Enquirer: 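Sharing a structure below in structure tokens format, with a few things to ask.
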Amino acid sequence: MIAALKTILGRAVSEITGQQSPDIAIQSPPSGFGDFSTPIAFGLAKQLRQNPSKIAERLAAAIDDPLIKTADTEGGFVNIRVSDRELETWLDRQFLSKELTTFESKNQIVQVEFVSANPTGPLHIGHARGAVVGDSLAKILSKFGYSVKKEYYLNNRGRQMRLLGESVRAVMDGKAIPDDGYKGSYISDVADKIDRTDTTEQISAKASDIILEGIKEDLAEFSITMDNFFSERELIDNGNISKLFDFLQQKELIYEEGGAIWFKSSMFGDDKDRVLKKSNGDLTYFASDIYYHYNKFIIRKFDKVIDVWGADHHGYVGRMKAACRAIGIAPERLSVVLVQIVNLLREGEPFSMSTRSGQFVTLKELIDEVNPDAARFLFLTRKVTSHLDFDVEIAKKQVSENPVFYVQYAYARTRSIFKKALEQKVKYNNKTPLLAGDIGKLERALMIELACYKDAIAKSALQLDPFYLSSYLLDIAKLFHQFYHEVRILGGEKNMISSRLRLCDIASYIIADGLKTLGISHPERM
RNA sequence: GCGCCAGUAGCUCAGCAGGAUAGAGCAACGGACUUCUAAUCCGUAGGCCAGAGGUUCGAAUCCUCUCUGGCGCACCA
């Protein structure tokens with residue numbers, strides 16, 4: 001709906017300025033000023049050398065579309081009121097054709113890489129936010145018209161793996177776990193499943209496989225699934241990273257100094273050059289990360305790649321972007337979503353977790369005690385950039401007042417009303433007109449908001465943040481509850497009942513679609 | 001020392017490519033079920049938008065500085 005208004009207003013702006021209009025801000029005005037408003041006249045004032053109210057008046061006069069009933073001005077704002085009849089037609093048509101919730105295919109493949117925790121221990125609640133945001137974002141982008149591939153990158157080689165193998169071996173041999181090894185209690189569970197005669201190298205491979213199975217199970221309980229687990233071990237050991245070095249060599253982007261091979265990342269906006277191959281011959285993580293992105297863009301040809309990282313990796317963004325530019329990738333093809341760190345508290349006291357020390361609260365422990373929908377929603381109702389305090393004890397206690405139930409309850413009400421209608425043998429089909437007589441204030445507000453569903457999806461997709469969709473759903477739920485509470489749906493004359501059921505039908509459809517898109521369940525009854 | 005993210009109601013957070021009276025949820029207080037699920041609704045109260053300057057017709061929003069908190073600045077992973 002907002003997209004449609006932008007087009008209409010854009011035409012009016014072009015008519016006045018004779019130029020293509022920029023993106024137009026559409027807002028909800030204070031009550032009494034119409035359905036939508038725009039301050040665009042203020043911006044045009046300088047350009048046209050005329051005062052904003054004059055411009056607003058000219059704009060209002062130039063607006064010509066049946067969807068818009070009135071366009072008034074007030075102190076430079078243009079306030080728009082949508083025509084009831086056109087609103088009805090618009091919703092009707094889009095609902096029946098499914099356009100209300102679907103976007104055209106963009107014919108592009110987007111890869112979303114997230115979680116990617118080292119398979120050296122179970123997922124803990126520190127991983128939860130990134131996991132939820134990544135999964136929901138993938139669903140949103142898919143709805144928005146991209147073909148989406150969800151991937152988990154496994155850092156399953158190198159020092160961490162060696163330490164894991166040594167730690168498991170130590171437990172098997174009844175020896176003390178090395179100081180820098182992994183000390184969690186899960187290590188002995190893993191050790192029980194591995195053959196004592198294996199080499200340390202075999203042990204570490206088997207251990208990480210076992211741990212990965214657990215990670216997959218935990219993600220599944222959070223209704224998160226991956227399309228692919230991409231193994232660094234296979235990428236590097238069975239791949240051909242020398243191709244990357246050849247490529248960089250050819251472009252004169254690497255050089256040797258002090259026995260190490262350096263990448264000229266400073267040429268691409270990074271603070272300094274970075275080492276790719278250490279003087280002892282080992283590859284740095286940066287080297288395999290570049291090769292991984294080389295694989296994403298050049299080998300697998302993803303149109304766009306979205307890396308979901310914890311904000312503690314922000315120092316790595318410049319480097320990664322520099323590397324991508326160096327291998328010829330247009331910068332806009334790589335987006336890094338930095339999910340802010342969650343400050344973990346236990347009854348008000350901060351605590352930190354570490355996989356190595358074995359001190360952490362696992363994701364599984366959390367989900368066993370907190371409804372997964374509630375846990376998911378908790379992370380989705382804040383912007384990814386927002387710092388978040390997460391008190392494990394409070395989260396457990398406060399489950400019942402989680403706003404997710406507010407939305408789910410609205411959905412359950414949309415379903416129960418149809419059950420009731422069936423009991424009362426009320427006739428309804430989805431061809432019934434949405435309007436039967438005068439439209440109430442609450443119905444109208446709900447209809448307008450329902451018509452903006454795709455705008456909420458688009459905003460979340462473009463901003464790469466599920467927050468906008470979750471807050472939209474809270475808004476819709478509020479409007480629905482108000483409507484449901486004030487208006488007796490199954491009372492009154494037949495036409496009225498039918499048209500109100502029609503509105504419930506559309507609301508039901510939108511809320512369910514929105515919850516699905518966030519990866520949250522939508523129970524029929526609560 | 002340098003950089004990134006933040007500081008808005010008692011709490012958790014929106015609002016920030018400058019625009020109308022700074023919003024919501026929770027907590028508090030007061031109301032609404034003989035009628036479609038009260039996990040709901042209605043109302044009241046709650047604010048020097050961290051602080052100080054600046055730009056502007058207009059600043060929570062942009063710029064500078066200060067203070068506070070979190071996170072980064074490796075031939076670590």
Side-chain angles (χ1 to χ4, degrees), chain A residues 22-23 25 27-33 37-43 45 51-52 74-77 79 118 120 155 157-161 163 180 257-262 271-272 274-289 310-319 338 340-343 350 356 378 381-391 394 398-410 412-421 423-424 426 467-468 471 474-475 477-478 480-491 497 500-501 504 525-526:
Chain A
D23 190 40
Q27 343 171 305
S28 306
S31 63
F33 290 102
S37 76
T38 177
I40 185 85
F42 292 102
N51 79 52
E74 181 73 38
F77 290 89
N79 298 319
N118 290 356
T120 51
N155 289 124
R157 66 183 293 283
R159 193 177 124 85
Q160 300 298 329
M161 282 300 108
L163 284 173
D180 48 1
E257 192 181 292
I261 296 178
W262 296 72
D271 307 341
K272 53 171 285 199
R274 307 284 172 177
V275 170
L276 295 183
K277 192 181 251 179
K278 302 186 236 174
S279 47
N280 68 5
D282 285 351
L283 293 170
T284 60
Y285 252 67
F286 187 41
S288 57
D289 282 344
D312 52 343
H313 290 82
H314 72 257
Y316 212 71
V317 176
R319 214 178 301 179
L338 292 176
Q340 259 308 335
I341 295 296
V342 176
N343 298 315
R356 253 191 235 186
L378 187 84
T381 42
R382 282 144 174 91
K383 299 218 303 175
V384 295
T385 53
S386 154
H387 294 246
L388 163 62
D389 290 333
F390 186 88
D391 192 313
I394 292 178
Q398 291 188 340
V399 172
S400 63
E401 66 195 34
N402 189 296
V404 75
F405 301 114
Y406 185 77
V407 180
Q408 289 180 323
Y409 186 48
R413 279 179 147 179
T414 66
R415 299 324 306 164
S416 74
I417 198 79
F418 278 98
K419 265 176 227 142
K420 202 78 190 176
E423 281 169 32
Q424 298 183 3
V426 173
F467 162 79
Y468 299 99
S471 50
L474 286 167
D475 289 344
K478 179 165 188 95
F480 183 79
H481 283 308
Q482 287 173 329
F483 160 70
Y484 182 93
H485 194 267
E486 289 299 318
V487 178
R488 181 144 195 93
I489 296 164
L490 297 177
I497 292 176
R500 284 173 179 158
L501 281 173
C504 291
R525 53 189 312 162
M526 289 175 72

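Quick caveat: nothing in here was measured; it's all calculated off a predicted structure. Note that these values count all heavy atoms, side chains included, but never hydrogens, waters or copies made by symmetry. Order of the sequence lines fixes the chain letters, A, B, ..., with proteins taken first and strands second; residue numbering starts at 1 for each chain.
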Enquirer: If a protein heavy atom is under 4.0 Å from the base, mark B; if only from the sugar-phosphate, S; if neither, -; do that for nucleotides 54-60 of chain B going 5' to 3'.
Expert: -------
Enquirer: Taking B:rA74 as the reference, what is the distance to B:rC16 when you measure between their C1' atoms (whole Å, please)?
Expert: 36 Å
Enquirer: In whole Å, measure the gap between the C1' atoms of B:rG31 and B:rA45 for me.
Expert: 15 Å
Enquirer: For the residue pair A:R500 and A:G491, what are the closest heavy atoms and their distance?
Expert: NH1-O, 4.1 Å
Enquirer: Looking at every non-hydrogen atom in both residues, tell me the closest pair between A:C504 and A:F418 and how far apart they are.
Expert: CB-CE1, 3.9 Å
Enquirer: Say we look at B:rA22 and B:rC29: how far apart would their P atoms be, to the nearest angstrom?
Expert: 27 Å
Enquirer: Can you tell me the Watson-Crick or wobble partner of B:rC62, both distances under 3.5 angstrom?
Expert: B:rG54
Enquirer: Quick one: pull up CG in A:L490 and CZ in A:R488 and give me the separation to the nearest 0.5 Å.
Expert: 7.0 Å
Enquirer: Give the minimum heavy-atom separation between A:K278 and A:L283, together with the two atoms involved.
Expert: CE-O, 4.1 Å
Enquirer: Carefully, step by step, assess A:T38 and A:F77 under the rule side-chain contact (heavy atoms from CB on, under 4.5 Å).
Expert: CA-CA 6 Å; A:T38 177; A:F77 290 89; over 6 Å; no
Enquirer: Output the rounded distance in Å from CG (A:L338) to C1' (B:rC71).
Expert: 11 Å
Enquirer: Expressed as a whole number of Å, how far does the P atom of B:rG25 sit from that of B:rA52?
Expert: 31 Å
Enquirer: Checking the side chain of A:W262 only, and the main-chain atoms of A:L276 only, is there a donor and an acceptor separated by less than 3.5 Å?
Expert: no
Enquirer: Quick one: label A:G158 by what it contacts on the DNA or RNA (base, sugar-phosphate, nothing), any heavy atom closer than 4.0 Å.
Expert: nothing
Enquirer: Which heavy atom of A:G76 sits nearest a heavy atom of A:A41, and at what distance?
Expert: O-CB, 3.4 Å
Enquirer: Go through it in stages, so that I can follow the logic: the residues are A:Q340 and A:K383, the test is side-chain contact (heavy atoms from CB on, under 4.5 Å), and I'd like the CA-CA distance, side-chain angles, deciding distance and then a yes or no.
Expert: CA-CA 9 Å; A:Q340 259 308 335; A:K383 299 218 303 175; over 6 Å; no
Enquirer: Does the structure show a Watson-Crick or G-U wobble partner for B:rG18, both distances under 3.5 Å? Name it, or say none.
Expert: none
Enquirer: How long is the straight-line distance from OH of A:Y285 back to OH of A:Y316, given to the nearest 0.5 Å?
Expert: 9.5 Å
Enquirer: Hey, does A:P52 reach any base, or is it just sugar-phosphate, or nothing, if we go heavy atoms under 4.0 Å?
Expert: nothing
Enquirer: When we call it a touch if two heavy atoms are under 4.0 Å apart, what does A:S471 touch: a base, just sugar-phosphate, or nothing?
Expert: nothing
Enquirer: In whole angstrom, give the distance that lies between atom CD1 of A:I341 and atom P of B:rG72.
Expert: 7 Å
Enquirer: I need the CG-P distance between A:D312 and B:rG69, as an integer number of Å.
Expert: 20 Å
Enquirer: When you compare B:rG54 with B:rG69, how far apart are their C1' atoms, in angstrom units rounded to a whole number?
Expert: 26 Å
Enquirer: B:rC42, OP1 or OP2 - any side-chain N/O from A:Q482 closer than 4.0 Å?
Expert: yes
Enquirer: Checking all strands, does A:F467 fall into the base, sugar-phosphate, or nothing category for heavy-atom contacts under 4.0 angstrom?
Expert: sugar-phosphate
Enquirer: Find which nucleotide of RNA chain B each of A:M161 and A:T38 is nearest to by heavy atoms, and output the residue with the more 5' nucleotide.
Expert: A:T38
Enquirer: Measure from CG on A:N343 to P on B:rG7 and round the result to the nearest Å.
Expert: 14 Å
Enquirer: So which nucleotide from B:rA77, B:rA20, B:rA6 ends up closest to the side chain of A:H387?
Expert: B:rA6
Enquirer: Do A:N402 side-chain atoms and A:V404 backbone N/O form a donor-acceptor pair below 3.5 Å?
Expert: yes
Enquirer: Stepwise, does the side-chain contact (heavy atoms from CB on, under 4.5 Å) test hold for A:Y484 with A:I489?
Expert: CA-CA 7 Å; A:Y484 182 93; A:I489 296 164; 3.8 Å; yes
Enquirer: What does the B/S/- profile of nucleotides 23-39 of chain B look like, 5' to 3', with a 4.0 Å heavy-atom cutoff to protein?
Expert: --SSS----B--BBBSB
Enquirer: Quick one: does A:S386 reach the base of B:rA6 with a side-chain donor-acceptor pair under 3.5 Å?
Expert: no
Enquirer: B:rC76 P sits how many Å from A:R356 CZ, rounded?
Expert: 13 Å
Enquirer: Taking all atoms of both residues into account, what is the closest heavy-atom pair of A:Y406 and A:H481, and its distance?
Expert: O-NE2, 3.0 Å
Enquirer: Whole-Å distance between B:rA14 P and A:L388 CG?
Expert: 9 Å
Enquirer: Identify whether any heavy atom of A:Y468 sits under 4.0 Å from a base atom; if not, whether one sits that close to sugar-phosphate; answer base, sugar-phosphate or nothing.
Expert: sugar-phosphate
Enquirer: Quick one: look up who B:rC73 pairs with, Watson-Crick or G-U, both distances under 3.5 Å, and put none if it's unpaired.
Expert: B:rG1
Enquirer: How far, in whole Å, is B:rC26 from B:rA17 if one measures between their C1' atoms?
Expert: 32 Å
Enquirer: For A:L276 and B:rA74, give me the distance from atom CG to atom P, rounded to whole Å.
Expert: 16 Å
Enquirer: Find the partner of B:rC29: check Watson-Crick (N1-N3 plus N6-O4 or O6-N4) and G-U wobble (N1-O2, O6-N3) distances, both under 3.5 Å, and reply none if neither fits.
Expert: B:rG43
Enquirer: Quick one: does A:H314 reach the base of B:rG3 with a side-chain donor-acceptor pair under 3.5 Å?
Expert: yes
Enquirer: A:H313 has an atom NE2; how far is it from atom P of B:rC76, in whole Å?
Expert: 16 Å
Enquirer: Is there a Watson-Crick or G-U wobble partner for B:rC49 with both distances under 3.5 Å, and which nucleotide is it?
Expert: none
Enquirer: Quick one: is B:rC16 close enough that its OP1 or OP2 comes under 4.0 Å of any side-chain N or O from A:K383?
Expert: no
Enquirer: Identify which nucleotide among B:rC71, B:rA77, B:rG19 has an atom closest to any side-chain atom of A:N118, counting heavy atoms from C-beta outward.
Expert: B:rA77
Enquirer: Taking atom P in both B:rU40 and B:rU68, what distance in whole Å separates the two?
Expert: 42 Å
Enquirer: For B:rC76, does OP1 or OP2 lie under 4.0 Å from any side-chain N or O of A:K278?
Expert: yes
Enquirer: Could you measure between the two C1' atoms, the one in B:rA14 and the one in B:rC49, and give it in whole Å?
Expert: 13 Å
Enquirer: Is it the case that the base of B:rA20 and the side chain of A:N79 share a donor-acceptor contact (distance under 3.5 Å, atom types as modelled)?
Expert: yes
Enquirer: For A:D389, answer base if it contacts any base atom (sugar-phosphate contacts may also be present), sugar-phosphate if it contacts only those atoms, and nothing otherwise; contact means non-hydrogen atoms under 4.0 Å.
Expert: sugar-phosphate
Enquirer: Within 90° of 0 counts as syn, otherwise anti: where does B:rC73 fall?
Expert: anti
Enquirer: Please lay out, stage by stage, how A:F390 and A:N343 fare under the test side-chain contact (heavy atoms from CB on, under 4.5 Å).
Expert: CA-CA 6 Å; A:F390 186 88; A:N343 298 315; over 6 Å; no
